[in-house]
Number of protein chains: 4
Amino acid sequence: MGAVKTKRMPRAVREQQMLDAAVEIFGRRGYMAASMDEIAELAGVSKPLVYLYLNSKDDLFTACIRREAQALVAAVRSGIGPDQSADRQLWDGLLAFFAHTGAHPLSWSVLHLQARTHGETFAAEVTAMREEIVAFVTQLIVVAAREAHRDPDLPEREVAGLAEALVGAAESLAAWANASDSVTPRQAAATLMNFAWAGLSDLMRGNAWNPPAA
Amino acid sequence: MGAVKTKRMPRAVREQQMLDAAVEIFGRRGYMAASMDEIAELAGVSKPLVYLYLNSKDDLFTACIRREAQALVAAVRSGIGPDQSADRQLWDGLLAFFAHTGAHPLSWSVLHLQARTHGETFAAEVTAMREEIVAFVTQLIVVAAREAHRDPDLPEREVAGLAEALVGAAESLAAWANASDSVTPRQAAATLMNFAWAGLSDLMRGNAWNPPAA
Amino acid sequence: MGAVKTKRMPRAVREQQMLDAAVEIFGRRGYMAASMDEIAELAGVSKPLVYLYLNSKDDLFTACIRREAQALVAAVRSGIGPDQSADRQLWDGLLAFFAHTGAHPLSWSVLHLQARTHGETFAAEVTAMREEIVAFVTQLIVVAAREAHRDPDLPEREVAGLAEALVGAAESLAAWANASDSVTPRQAAATLMNFAWAGLSDLMRGNAWNPPAA
Amino acid sequence: MGAVKTKRMPRAVREQQMLDAAVEIFGRRGYMAASMDEIAELAGVSKPLVYLYLNSKDDLFTACIRREAQALVAAVRSGIGPDQSADRQLWDGLLAFFAHTGAHPLSWSVLHLQARTHGETFAAEVTAMREEIVAFVTQLIVVAAREAHRDPDLPEREVAGLAEALVGAAESLAAWANASDSVTPRQAAATLMNFAWAGLSDLMRGNAWNPPAA
DNA sequence: AATGAATGAGTCTTCATTCAT
DNA sequence: TATGAATGAAGACTCATTCAT
């Protein structure tokens, strides 16, 4: 599983190998239980080299969080067409989100679980990303409300709470979908759109939200 | 902050003090970063006594999880009137949930974050409790659908996903509410009821779900 | 296996129970690995009582050694008829020795192994007993030599070495006989008498030493 | 006494230093009472290095036993000329044995006392070596009996017991000779040869076994 | 660019021993 | 006579981190 032992690679490449290994180990074991020894071994290098490039366990973990957070945000962003309707944008975003977290479960573990359980510093790193997403969703809700000619506007705190709940539900479903691997990203996204967009009362009246054709 | 140094207490009392201290430390630092030394000191006893009564770090953590899980479930249960309508039961349950997690944030940290990040054994302990709650919510949704004469029934997997999303959203909001402590349990519960029950589309049409009078 | 929990016994009785338990645990686990907890539990009393009566782990171990050493010496002594010939006395002594060590293997383990492996103080305790036995054997050899009109006497150091070798062989055979429990005390004693009395060269000539009828 | 603090040695060398130190401490204190701290200090290295190379206290002890057992067997073997008569082979072997155990008393303590007092696993390690020696002696006796035209053969169990007694006596004499250090290997070996080969009855008739000229 | 050799500091855990009743 | 409650001290083991090459 570890990178094939190849000698003398350029620094940039080696660094990525180390980060790959680190994400795997941190995701699997958690920050504290992960050992630099294991990471170095999986990366196929000696420990001093890890320290030379990444400086410390803390810094290494931070680097992991940053890289994985950016990758997730990039994945979600590139899944959204900017000129679509609000609900379509939400759908596309969710689809991309569940696809990415499903494809990189250890990366998701690092972001969702590990980074938030080991001190403010790391949590803050993820919070930045999360806030970006919450802001995006918030704005989506506001736009959708305007499109629906809702008047007066939903109060700001209300909207913030809704966005928070939506993102929280999404995160939770990601874990759920990963756990039972028979749930596809589409199913997860559909469940959430129904829940969030239509609402339970609508569902009970038979008014589901319908996903666009694949 | 540590318990006043009182000598010679009966075992049952000392054990609770130890669990109190352990929940606080585990919640603050995480399982691995918590040290038995710190826990013993906060409990106001020597380390050997902690081992004599609670056996090992693992067992101590498990004991914490069990006690806190039971306390949470009991709190939610005692908040619900069994003869109420489905949405009222949900509301009451959420209220109790947010009140309890708000009042015991470190306990909530142990259950929601720490226990799920340090090995299957601990996670399983929480999963048991969580599944109890998910099952309760699932049943609530089914009953509500029947009351609303929905026909045909929502497919089972669909309902499971909805319950999961609802619980996930609640868990996420609990953290959110704890973080910015100007959010009351009522507000958190209201936000979630709106989100879950009415759904975003209804909200946009101005059809909010209305909480019962306090 | 532990003594039945009976309350309020006279001190002398309790002490013997404790020594019984201690010999068993020390014999099984060794001095260092034996824990006062386990001994107290097996004795069916609380730890403070053990300390009240026997004072410390060291003292307890010493008490064990003394009691068991005396028991062994007494057993060997009472097996010997003082008016017998030298070889008969040796035979009877060996028989009693192998019978006793076979019947009390943990006691033998304490004397032969544990006491000699944990510091001069304990070893000295056994050495006293051992020297008593070696002296007895030495004298037996001298007497036998006189009876055989050997002249001049065997040099003293020579005799001491022979006695040492004989006792060492006996000790070794005791362990050997205990290990494979199909070896009877008679067989062990006969083997040793042949070896020691007749000598290998005689054995090779077909001149065995013959045990008296049972 | 500890090795002079020399830095940066190749692993193989350091390992031997560690084993040297470990044999000394284990031999002096016993397995349980020996502390890794003390061993590391005597070896002139830090504790983590001991663990890095030897893995655990158990493994370290096992490594000691193996090394010392092999050294002892090698010493005895190289002392024996294969084309000699049986009694000469026995004499040469004993001489080498007493010389080696006399020169390395702590090594002998590890093999003879400590290894046999701390669990089957360690004991088995020594038993392997011991059986090799017992087998060698057994065969020597058989050969000697044949040479002496003894007929019929000594029964197998009988021979096993004799070999056991001989080895046991040797082991015991080794301890005795170590204790009073005025006894030379030659004297110990002579005593044992007299005892074993000639037998007490012969000795009493004045027929000693005579060692070859040095 | 890369590593074999090495360690200070700290963690979990256990044990002999005592106090207060 | 007897014990439930409690601890100081120590030991095995691990880990992040650095030095010298």
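Protein chains get the first letters and strands the later ones, always in sequence-line order, with residue 1 at the start of each. Predicted model only: the values in this text are computed from it and were never measured.
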### Message
Pair C:His112, C:Val126 - check side chain to side chain contact (heavy atoms under 4.5 Å, CB included), show working.
### Response
CA-CA 8 Å; C:His112 183 49; C:Val126 183; over 6 Å; no

### Trace of the side chain to side chain contact (heavy atoms under 4.5 Å, CB included) decision for A:Val110 with A:Phe61
CA-CA 9 Å; A:Val110 165; A:Phe61 192 43; 4.1 Å; yes

### Task
Dot-bracket for DNA chain F, please, read 5' to 3', with Watson-Crick or G-U wobble pairs under 3.5 Å on both distances, ( ) within the strand, [ ] crossing, | other strand, . unpaired.
.||||||||||||||||||||

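Rounded to the nearest 0.5 Å, atoms CG (A:Leu113) and CG (A:Leu106) are 11.0 Å apart.
Side-chain proximity of A:Leu52 to the nucleotides F:dT7, E:dA2, F:dA6 is greatest for E:dA2.
Checked options C:Arg66, C:Arg116, C:Arg130; the residue passing with C:Glu125 is C:Arg66 (criterion: salt bridge (charged side-chain N to carboxylate O under 4.0 Å, His left out)). When the options A:Met9, A:Arg11, A:Arg67 are evaluated for a side chain to side chain contact (heavy atoms under 4.5 Å, CB included) with A:Gln16, the one that passes is A:Arg67.
Atom-to-atom, CG of B:Leu54 to P of F:dA6 comes out at 13 Å; the value is rounded to the nearest Å. Rounded to a whole Å, the CZ atom of B:Phe26 is 13 Å from the P atom of E:dT11. Distance, A:Phe61 CZ to F:dA16 C1': 16 Å, rounded to whole Å. Separating the CG atom of D:Leu49 from the C1' atom of E:dG8 is a distance of 14 Å, rounded to the nearest angstrom. To the nearest angstrom, C1' of F:dA16 lies 13 Å from CG of A:Asp59. Remark: P of F:dC13 and CD1 of D:Ile39 are 11 Å apart, rounded to the nearest angstrom. Between B:Glu15 atom CD and F:dA6 atom P there is a gap of 11 Å when expressed in whole angstrom units. Look at CD on B:Gln17: it is 13 Å from P on F:dA5, rounded to the nearest Å.
A close approach under 4.0 Å does occur between a side-chain nitrogen or oxygen of C:Arg14 and OP1 or OP2 of F:dA2.
A donor-acceptor contact closer than 3.5 angstrom is absent between the side chains of C:Arg29 and C:Gln114.
Under a 3.5 Å cut-off, the side chain of A:Ser109 and the backbone N or O of A:Pro105 do not form any donor-acceptor pair. Side-chain atoms of A:Lys57 come within 3.5 Å of backbone N or O of A:Ala34 as a donor-acceptor pair.
Ring pair A:Tyr31/A:His118 is tilted by interplanar angle, where 30° to 60° counts as tilted.
Residue contacts for A:Pro10: at a heavy-atom cut-off of 4.0 Å it reaches no nucleic acid atom on any strand shown.
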### Query
Going 5' to 3' along nucleotides 15-21 of chain E, which nucleotides have protein heavy atoms under 4.0 Å from the base (write B), which only from the sugar-phosphate (write S), and which from neither (write -)?
BSBBBS-

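Residues D:Arg11 and A:Tyr53 both approach DNA chain E. Their nearest nucleotides, taken by heavy-atom distance, put A:Tyr53 toward the 5′ side.
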